Amino acid sequence: MNAFFPLRNGQLHVESVPLSDIAAHFGTPCYIYSRAALEDALAQFQKELAGVDSLVCYALKANSNLAVLNVFARHGAGFDIVSSGELKRALAAGADPKKIVFSGVGKTAAEMAFALSTGILCFNVESAPELERLNGVAAGLDKKAPISLRVNPNVDAKTHPYISTGLKENKFGVAYEDALSIYQHAARLPNLEIIGIDCHIGSQLLDPAPFAEALDKLLQLIDQLTSNGISLHHIDLGGGLGIRYKDEAAPSVKSYLQPLLKKLTGRGLKILLEPGRRLVGNAGVLLTRVEYLKPGAVKNFAVVDAAMNDLARPALYDAWHDIVPVMPRNSKACQWDIVGPICESGDFLGHHRSLAIATGDLLAIMSAGAYGMAMSSNYNTRPRAAEVMVDGSHSHLVRRRETVEELYALESLLP
Ligand SMILES: *Cc1c(COP(=O)(O)O)cnc(C)c1O
């Protein structure tokens, strides 16, 4: 709970809207985002970057709902995309292609051609063969592709191994030791234009030190490039800044950025950032209803109508999300495992939660704005949840709930 999710008159709200109203109008399970929280998260970056030649490129894989993207686009944000699907989404939400960077290890020739035709800011190239392919695609279109090399600085982000990306053993980017020669090769390819360098060392980082470590390594490389006649326009430091889910001391945007900005002063480089989770994670909740209580000898289960297909993070990373009753009761709390209806023991949203709850109660799964809906699936033929954005005292349905018929509409029977 925070300023955007206040407890008022004994009821949890999103901005000025009681969550029970949203359940009544749109049903459960339902993702709810606070527009003000999204804007506040972006403003924290933009405030620290005021007066600095810079661009915040929201990594839209964290939450790619068009309404979310549109809020950020209206405030001048750019976008970090990883597929032509995300590029189409960003454009449909009003993004300026000149503010879009394209990351990802597996860009197809068709994706490259589409991105070139829209005039994106930069391709964040992740391998030497990708350079060759991009050069060929650009030649076929008689264009020059603007590129940056994603360099793997080999720093330990000290986060969950599944979301650590800047170590030698990760699949991302080119090895630090190879970067100079790959840049030199890129400089000889006629349909590429070298404009930048980028890195992204991992996700949910709670210590700003690895970011500074990565930047130091990139700056050393930039000096080598300069003495080899290769000059860059921008440096892209990726995303990865963590948020508070439980009691983590997530660094402020200021304490994250100030050491980096200090190292970059006088360099004449435009600064790009690719935050994902930090812009959306704490701006969203997943609203669910208790269907059954199953007290037992060993464990008490509360079966709710949201599941691992709606929010995969607990099952996938053993992630912890706060679970809050929408209308807290005064009765005695007991320990509950909050589980979904899916036929997997890994289908849980929280273990050992001390809650006073009854069948039919609404629960809010907090900090669900990032990698929530974006990673949802239709496992067990469960229609994906509705998404609602609250703006002050108004709530807007920004994605309606799927119907079951839609889930098999693309399938057919044998003749
Ligand atoms: C996932 C990703 C991001 C965003 O990461 P967060 O941890 O959500 O900030 C940024 N850049 C790249 C290249 C990514 O793959």
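All values derive from a computational prediction rather than experimental measurement. Because only heavy atoms are used, hydrogens play no part in the values below, and waters and symmetry mates are left out as well, while side chains stay in. Whatever order the structure lists ligands and atoms in, that order sets their numbers, starting from 1.
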Is it the case that [X] and [Y] place a side-chain donor and acceptor less than 3.5 Å from each other?
| X | Y | answer |
| --- | --- | --- |
| Ser20 | Gln11 | yes |
| Asn309 | Arg382 | yes |
| His200 | Arg150 | no |
| Glu402 | Asn378 | yes |

For [X], atoms of ligand 1 separated by under 4.0 Å from a heavy atom:
| X | answer |
| --- | --- |
| Ser103 | 13 (C) |
| Ala59 | 3 (C), 4 (C), 10 (C) |
| Arg277 | 6 (P), 8 (O), 9 (O) |
| Gly239 | 9 (O), 10 (C) |
| Arg150 | 13 (C) |
| Gly240 | 5 (O), 6 (P), 7 (O), 9 (O) |
| Tyr371 | 1 (C), 4 (C), 5 (O), 6 (P), 8 (O) |
| Ser203 | 6 (P), 7 (O), 8 (O) |

So is Phe172 touching ligand 1 or not, going by heavy atoms under 4.0 Å? no
Contact between ligand 1 and Arg278 is defined here as a heavy atom of the residue under 4.0 Å from a ligand atom; is it met? no
Any N/O of Leu241 closer than 3.5 Å to an N/O of ligand 1? no
Is the positively charged end of [X] above the ring of [Y], judged by distance under 6.0 angstrom from the centroid and angle within 45° of the axis?
| X | Y | answer |
| --- | --- | --- |
| Lys88 | Phe114 | yes |
| Arg35 | Phe4 | no |
| Lys107 | Phe123 | no |

If I compare all heavy atoms of Gly196 with all of Leu232, which pair ends up nearest, and what's the gap? O-CD2, 3.9 Å
Protein residue, atom and distance nearest to atom 1 (C) of ligand 1, heavy-atom basis: Lys61 NZ, 1.3 Å
Atom 13 (C) of ligand 1 [closest protein heavy-atom partner, distance rounded to 0.1 Å]: Glu274 OE1, 3.5 Å
Show which side-chain atoms of residues 53-72 pair as donor or acceptor with protein atoms under 3.5 Å away, not counting sequence neighbours.
| residue | atom | partner | partner atom | Å |
| --- | --- | --- | --- | --- |
| Ser54 | OG | Val52 | O | 3.0 |
| Tyr58 | OH | Asn63 | N | 3.1 |
| Tyr58 | OH | Asn63 | O | 2.7 |
| Asn63 | OD1 | Asn65 | N | 3.1 |
| Asn63 | ND2 | Tyr33 | OH | 3.3 |
| Asn63 | ND2 | Gly369 | O | 3.0 |
| Asn65 | OD1 | Ala67 | N | 2.8 |
| Asn65 | ND2 | Glu387 | OE1 | 2.9 |
| Asn65 | ND2 | Val398 | O | 3.3 |
| Asn70 | OD1 | Arg74 | NE | 2.8 |
| Asn70 | OD1 | Arg74 | NH2 | 3.1 |
| Asn70 | ND2 | Ala93 | O | 3.1 |

Mode of Asp80 contact toward ligand 1 - side chain, backbone, both, neither (heavy atoms, under 4.0 Å): side chain
Applying a 4.0 Å heavy-atom criterion (strictly less than), which segment of His200 is in contact with ligand 1: side chain, backbone, both, or neither? side chain
